[in-house]
Amino acid sequence: MIRKIRRKRLRPFHKTGTVRGIQPQHAGKLRLLLTMLNAANEPEDMNAPGLRLHKLKGELKDWWSVDVDGNYRLIFKMQGDTVTEVDYRDTH
């Protein structure tokens with residue numbers, strides 16, 4: 001279960017499906033990723049082909065990342081079987 005969505009522009013998409021604030025071409029994949037995160041019990045549950053699940057380093061060392069498209073990533077933190085935070089970022 002997702003407890004908190006960090007990025008203000010991703011919250012309305014998660015709640016209502018509006019693409020305002022996100023890259024519209026990412027809507028389908030973001031919907032799939034958020035659904036997967038809601039069902040995830042551990043980070044490895046997000047290790048599907050093509051998502052390139054990996055743990056981040058440095059300031060974001062407690063976060064995991066999966067690919068959305070191009071430079072865009074969905075990053076998340078988990079505590080136990082709960083996704084405590086989610087963020088949608090352009091990494092470049």
Side-chain angles (χ1 to χ4, degrees):
M1 181 173 86
I2 297 173
R3 190 179 301 163
K4 177 182 176 187
I5 295 188
R6 192 175 200 181
R7 188 74 50 187
K8 226 192 283 190
R9 63 186 183 186
L10 186 59
R11 281 185 220 133
F13 174 75
H14 180 60
K15 290 187 184 273
T16 67
T18 182
V19 296
R20 187 172 183 212
I22 66 164
Q23 295 291 319
Q25 68 271 23
H26 295 165
K29 189 148 185 196
L30 281 171
R31 190 171 297 110
L32 174 66
L33 293 173
L34 290 170
T35 300
M36 289 173 68
L37 274 176
N38 261 328
N41 291 314
E42 57 187 40
E44 289 75 21
D45 291 343
M46 297 298 292
N47 197 15
L51 295 185
R52 291 184 353 112
L53 173 71
H54 60 280
K55 190 150 175 63
L56 298 176
K57 298 177 182 177
E59 285 181 17
L60 298 171
K61 67 180 172 134
D62 297 328
W63 293 75
W64 292 81
S65 174
V66 290
D67 286 356
V68 176
D69 185 40
N71 296 335
Y72 285 86
R73 308 286 179 266
L74 193 69
I75 65 171
F76 61 96
K77 273 170 66 169
M78 288 191 85
Q79 184 174 23
D81 62 353
T82 302
V83 177
T84 57
E85 287 186 76
V86 177
D87 201 357
Y88 168 63
R89 292 186 167 199
D90 179 357
T91 58
H92 290 88

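No experiment lies behind these values; they were computed from the predicted model shown.
- Clustering ILVMFWY residues whenever any of their side-chain heavy atoms sit less than 4.5 angstrom apart, transitively, puts Val66 in a cluster other than the one holding Met1.
- More than 12 heavy atoms of other residues, nucleotides or ligands lie within 6.0 Å of CD in Glu44, so this atom counts as buried by the packing criterion.
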When the side chains of residues 47-63 are checked against the rest of the protein, which donor-acceptor pairs come out under 3.5 Å, sequence neighbours left out?
from	atom 1	to	atom 2	distance (Å)
Arg52	NE	Asp67	OD2	2.6
His54	ND1	Arg52	O	2.8
Lys55	NZ	Lys61	O	2.9

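- A donor-acceptor pair under 3.5 Å links the side-chain atoms of Asn38 to the main chain of Ile2, judged by distance alone.
- Of all non-hydrogen atoms in Asp45 and Met36, the two that sit nearest each other are O-CE, 4.0 Å.
- Between Arg3 atom CZ and Ile5 atom CD1 the span is 13.5 Å, to the nearest 0.5 Å.
- Within the structure, the salt bridge (Lys or Arg N to Asp or Glu O under 4.0 Å) test picks out the following pairs touching residues 6-21 (sequence neighbours left out): Arg6-Glu85, Arg7-Asp87.
- Judged by distance alone, with hydrogens and angles left aside, the side-chain atoms of Thr91 form a donor-acceptor pair with the main-chain N or O of Asn71 at under 3.5 Å.
- Once rounded to the nearest 0.5 Å, the distance linking CG of Leu74 with CG of Asp69 reads 13.0 Å.
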For residues 22-34, tabulate all N or O donor-acceptor pairs below 3.5 Å that involve a side-chain atom, not counting sequence neighbours.
from	atom 1	to	atom 2	distance (Å)
Gln23	OE1	Gln25	NE2	3.4
Gln23	NE2	Tyr72	OH	3.2
His26	ND1	Tyr88	OH	2.7
Lys29	NZ	Val68	O	3.2

